[in-house]
Structure formats: C-alpha cells, structure tokens
Colleague: 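Provided herewith is a single structure, encoded as structure tokens, for subsequent inquiry.
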Amino acid sequence: MAERGHWGSKVGFILAASGSAVGLGNIWKFPYITGVNGGGAFVLIYLVCIALVGLPVMTAEILLGRATQTSPVGAFRKLSSSRSGWVAFGWLGVAGSFVILSYYSIVAGWALHYSYLSLTGQIVGLGPDGVGPAFDALFASNGLNLFWHFVFMALTVGVVIGGVSKGLERWARILMPALFVLMLILLVNSFTLDGFSRALDFVFGFHTEQLTAAGVLEALGHAFFTLSIGMGAMLTYGSYLHKKDDIMSAAITISVLDTVIALTASMVLFPIIFTYGMEPGAGPGLVFVSVPIAMSQMAGGTFVSFAFFALLVFAALSSSISMLEVITSYMIDEWKWLRSRATLVSAGIIAVIGIPSALSGGTRLFGDSFADVFGRNWFDTFDYLASNWILPLGGLGIALFTAWRVDDAIRHREFLEGTNLALFYKGWLFLLKYVVPVAISLVFLRAIGII
Ligand code: PHE
C-alpha cells in the first residue's frame, strides 16, 4: 500500500479533478465540434447530457474509486466477484486511456508549437490571411507533429512519475485560476467585436433543424470526454480521496466549472470567427486560427498569445496526466510495478501508438486506403471511436454496475460519507438506474441506424 498516495486536501482533489476535466476538450474541441454541428441545438443537447448523464456517472465513478481505493480493473473486481464479466469495463477504461492520450498528445503538441511561435513573435504578425495557411503547414508537417508529440509525452511522464499529490496539486492551484482569468480577458476583448451578437445567436440560439443523430451521439460522447468520465480517470482520482470528502458536491463543482469554461471558450472564439468572416465549421484548427487573429489586433498580443497557448498546454497536461494515471495505477496495483517503470513503459507505448495520428496531416503512414475505409484520417478515427463509442460504453457499464450490481448498503454508506447532499441519493440512483442506461442505449441504437 506504500505506493498509494492521497490528495493533500479536499481542494487538492477538486483542483486535480477539475484539471483533468478542463483541457483541450473545453477550449479546442468543444468550440470546433459546436461549429461543425451548427451551434445552438448541439449545445443544448450537450448541456442536457452533462446534467442528466455526465453528472450522475461522474459521481458514480468517484464513489467506486473511493470505496475500493484501487484502480478501475480492481474496483470492478472488488465490488463484484473475481470471475465476473464486469471487470471488462475496467479493461475498456485502460484501453481507452491508451487510445485517447495517443492523439490528445498531438493536439497538445500543436499548443506547444503555438507557444513557441508566440514567444518568437511569429503569431502576432500573421493577420487574417496568414492564420489558415500557418495552421495547415503545421498540420501537414510530419516532423513538427512527431517532435511536439514526443515532447508532450515526456512532459506528461515528468509529472506522473512524481506521484499523486506533490507537483501537480501545487501547480494546479496557480495555473488553473490563471487560465480562467486569461479567458475572461479574452472574453472582454471578443465582446467588443462586431461578430459578438452573431456568435451569441450561433452558440445559444436553438435551431432544431440542425440536429442529426450523429450530432446527438457526438454531444453525448463529448459530455463524457470533457468530464473525463467513462474510462476510469475520475475513478482513479477518486481512489486517492479521503473518506471525509463530499463526493456529490465535488462532482457538481467539477461539472459546473468545466461547462462554464467550455461555454466561455466558445464565446471567445466565435465572435472572432464571425467578425473576420471565417468558417465556424472549419474543424480542428479553429482555436489555432481564431486566437492568433485576435492577438494581432490586441495591445500586448505577443505576450497574451504566449500566455494563452502556454496555459492551454498546462490545461492539456493536467488532463493527460489523469489518462496516464489510469494505466500507471493499474500496473502499480495489479502488477506491483514501481511507479517509475509503469509510467515509462505506458508512456512509451502511447508515444508509439500516436505516430500514425501525428502523420495524419502529412504523408500518411498507411496510405489513403485507410482513410477511405473509415472516411476519416487516423487522428479523426481515434477521436471518433474513443469519445463517441468507448467513453459512453464505459459510462454505460459504470452506471449499470453501480446501480444494479453494487450492494446498496456499501453504495449508500459511501455516498453519505462526508456529504451534505444526502437528499440527492434517491434522485442520483434513479438517474443511474434508468435515465443514463436508456439515454445511452437510445443514442447508440439511433447512431447505428436501428431506430
Ligand atoms: N476531459 C479532458 C478534456 O476535456 C480529456 C480527458 C478525457 C481526460 C478522458 C481524461 C480522461 O480535455
């Protein structure tokens, strides 16, 4: 047990778990998929998914972790029986971590590259016509993608190897609030742009005609992705939690914070997009083309753009470490490996799995035939499979397991321990028993085309 750390404090857990939740999902992915899916209706479905599906599943995950004080595979095993099939959901989580981190690291690498460009004064001069080609050049460069991917994986290893409470908790305390303050400054800047009201209507106007089954699946998947649930990251973080802490209120705090940051990011980006006549559905490059334009008009743009992309790297890092921690804690708990060995081996494998994603924009490792089969490049395929399928499936497993398999006495005691929100127990259980499984199943069946 000597290897199992604990959070330094309750605030430490909230910060680390929010650090896991708030990441590229909020600032890079949410605005871009909102753009691709046409705005308002997608955002509304996403909010519903966060409240009715994401929040109960997050609560369940933290609870399973704290109750068992072990990593996902062990948690399922401990609360069922050793031979039960539920353990498969633990495995799914470990597999999901490999897949997600392998391409997440590529995007974090883009943020690293943009921090570097900002620092050397190459961002501010780009101007509206230069931003698109600059991003395209990066996306197409095999060398740059590989280089920054490896750098980012090395950074992730650097933090995870240090263990649970020390380095990360301390940094998160300073850098998370800094990110938020910077976003507010950028929001004020966007507020002054002509495109602000159009952006407001785009993000919050409810235009139902744009809703598609694929969009609903994506909104559901993104709710899982952005809250870091469905693959055991919150479960693992919960396993380092003390019994006296309040699970339900922590889950609410994290979800609200995460949602506020995602919506803020959208209201930073879309006014820029509309003001400069750019395409809201531009895809994964959205944040990398819009923020630099705003910077070239802003006083102190060089510094602000460096601060923005550096904080984006930090937000990505506080998320990537939670993915690596899922695998690392599995190896430590189940195989009794040393933390250093577990971290290095798992990160090494992920660095390799990420290579085809890093090459997605340039010459493709597997040629175009692969892209033709799936209709997407490797990078997009990983993202699609992981967030739209693996995470909701994992969430379904966690909900069914917690609601139908775990002994009520254990579950109830664990929920009550440390909480002021005891009266939410029944409502939470109801959502977990019926609403979550039905919602996920319906979305799946619709996406496959069965209903
Ligand atoms: N929630 C993180 C983000 O929004 C991504 C993540 C997914 C982290 C799954 C951990 C587990 O960027």
Side-chain angles (χ1 to χ4, degrees), residues 17-18 20-23 25-26 29-30 33-34 37 41-65 72 89 92-93 96 100 211-235 237-238 247-263 384-406 411 415 421 424-448 451:
S18 311
S20 168
V22 175
N26 306 61
K29 194 172 177 192
F30 177 69
I33 58 177
T34 298
N37 286 288
F42 174 82
V43 174
L44 188 74
I45 300 290
Y46 159 80
L47 293 174
V48 171
C49 290
I50 293 277
L52 295 184
V53 179
L55 181 59
V57 170
M58 181 187 291
T59 310
E61 254 197 54
I62 301 175
L63 185 142
L64 292 181
F89 288 105
L92 187 70
I100 297 182
L211 265 193
T212 60
V216 175
L217 177 67
E218 183 138 30
L220 176 76
H222 188 64
F224 281 90
F225 185 86
T226 192
L227 295 178
S228 307
I229 53 179
M231 50 160 258
M234 285 295 165
L235 193 157
Y237 273 20
I247 295 175
M248 184 81 221
S249 81
I252 294 175
T253 310
I254 299 161
S255 308
V256 169
L257 203 71
D258 187 83
T259 307
V260 168
I261 295 201
L263 294 175
Y384 172 77
L385 284 180
S387 33
N388 293 14
W389 296 96
I390 298 182
L391 296 183
L393 189 62
L396 180 64
I398 287 159
L400 291 175
F401 182 69
T402 312
W404 297 99
R405 179 68 180 82
V406 175
R411 182 178 56 212
F415 187 94
L421 300 173
F424 284 16
Y425 181 71
K426 285 226 166 80
W428 168 71
L429 200 56
F430 177 80
L431 288 175
L432 221 50
K433 263 191 171 151
Y434 306 106
V435 178
V436 173
V438 169
I440 297 177
S441 308
L442 284 180
V443 174
F444 275 171
L445 292 174
R446 182 87 181 91
I448 301 172
I451 53 171

Colleague: Are any non-hydrogen side-chain atoms of N37 and L211 less than 4.5 angstrom apart?
Modeller: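 The answer is no, as the side chains (C-beta and beyond) never meet within the 4.5 Å cut-off.
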
Colleague: How far apart are the closest heavy atoms of I247 and L63, and which atoms are they?
Modeller: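 Distance-wise, the nearest heavy atoms are CD1-CA, 3.7 Å.
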
Colleague: For residues 44-53, dump all side-chain donor-acceptor pairs below 3.5 Å to protein atoms at least two apart in sequence or in another chain.
Modeller:
none

Colleague: So, for E61 and L235, which heavy atoms are closest and what is the spacing to 0.1 Å?
Modeller: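 Minimum heavy-atom contact is OE1-N, 2.9 Å.
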
Colleague: Side chains of S387 and K29: donor-acceptor distance under 3.5 Å anywhere?
Modeller: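 A pair is found: one side chain offers a donor N or O, the other an acceptor, under 3.5 Å apart.
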
Colleague: Any heavy-atom pair between the side chains of Y425 and R411 that's under 4.5 Å?
Modeller: yes

Colleague: Does R405, at its CZ atom, have more than 12 non-hydrogen atoms belonging to other residues, nucleotides or ligands within less than 6.0 Å?
Modeller: yes

Colleague: For I33 versus F42, what's the shortest heavy-atom pair and its separation?
Modeller: CD1-CZ, 3.6 Å

Colleague: State, yes or no, whether a side-chain contact exists between V406 and L64 at a heavy-atom distance under 4.5 Å.
Modeller: yes

Colleague: Quick one: pull up CG in L396 and CZ in F401 and give me the separation to the nearest 0.5 Å.
Modeller: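 One finds 13.5 Å between CG of L396 and CZ of F401.
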
Colleague: Supply the atom-to-atom distance I398 CD1 to M234 CE, rounded to the nearest 0.5 angstrom.
Modeller: 11.5 Å

Colleague: Could you measure the distance from the CD1 atom of I261 to the OG1 atom of T226? Nearest 0.5 Å is fine.
Modeller: 9.5 Å

Colleague: Is the shortest side-chain heavy-atom distance between I254 and Y237 below 4.5 Å?
Modeller: no

Colleague: Okay, side chain of H222, backbone of G25: is any donor-acceptor separation there less than 3.5 Å?
Modeller: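 Yes, H222 side chain to G25 backbone: donor-acceptor pair under 3.5 Å.
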
Colleague: Can you list, pair by pair, the side-chain donor-acceptor contacts under 3.5 Å of residues 428-437, counting residues two or more places apart and other chains?
Modeller:
from : atom 1 : to  : atom 2 : distance (Å)
W428 : NE1    : P56 : O      : 3.1

Colleague: Using the six-membered ring wherever Trp is involved, compare the ring planes of F444 and W389 and label them parallel, tilted or perpendicular (cut-offs 30° and 60°).
Modeller: parallel

Colleague: Taking all non-hydrogen atoms of both residues into account, name the closest pair between M231 and G96 and its distance.
Modeller: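 The pair with the smallest heavy-atom distance is SD-C, 4.2 Å.
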
Colleague: What distance separates Y384 OH from I390 CD1, expressed to the nearest 0.5 Å?
Modeller: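 One finds 12.0 Å between OH of Y384 and CD1 of I390.
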
Colleague: Measuring from atom CG of L385 to atom CG of N388, what distance do you get when rounded to the nearest 0.5 angstrom?
Modeller: 8.5 Å

Colleague: Of the non-hydrogen atoms in I451 and R446, which two are nearest, and what is the gap between them?
Modeller: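 Minimum heavy-atom contact is O-NH1, 3.0 Å.
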
Colleague: When rounded to the nearest 0.5 angstrom, what is the spacing between CG in L227 and OG in S255?
Modeller: 5.0 Å

Colleague: Write down the atom of L220, the atom of P392, and the distance for their closest heavy-atom approach.
Modeller: CD2-CB, 4.2 Å

Colleague: Could you check T402 against T59 for side chain to side chain contact (heavy atoms under 4.5 Å, CB included), going step by step and ending with a plain yes or no?
Modeller: CA-CA 10 Å; T402 312; T59 310; over 6 Å; no

Colleague: What verdict does the side chain to side chain contact (heavy atoms under 4.5 Å, CB included) test give for L400 and F89, after you've listed the backbone C-alpha separation in whole Å, the side-chain angles of each residue and the deciding distance to 0.1 Å?
Modeller: CA-CA 11 Å; L400 291 175; F89 288 105; 5.9 Å; no

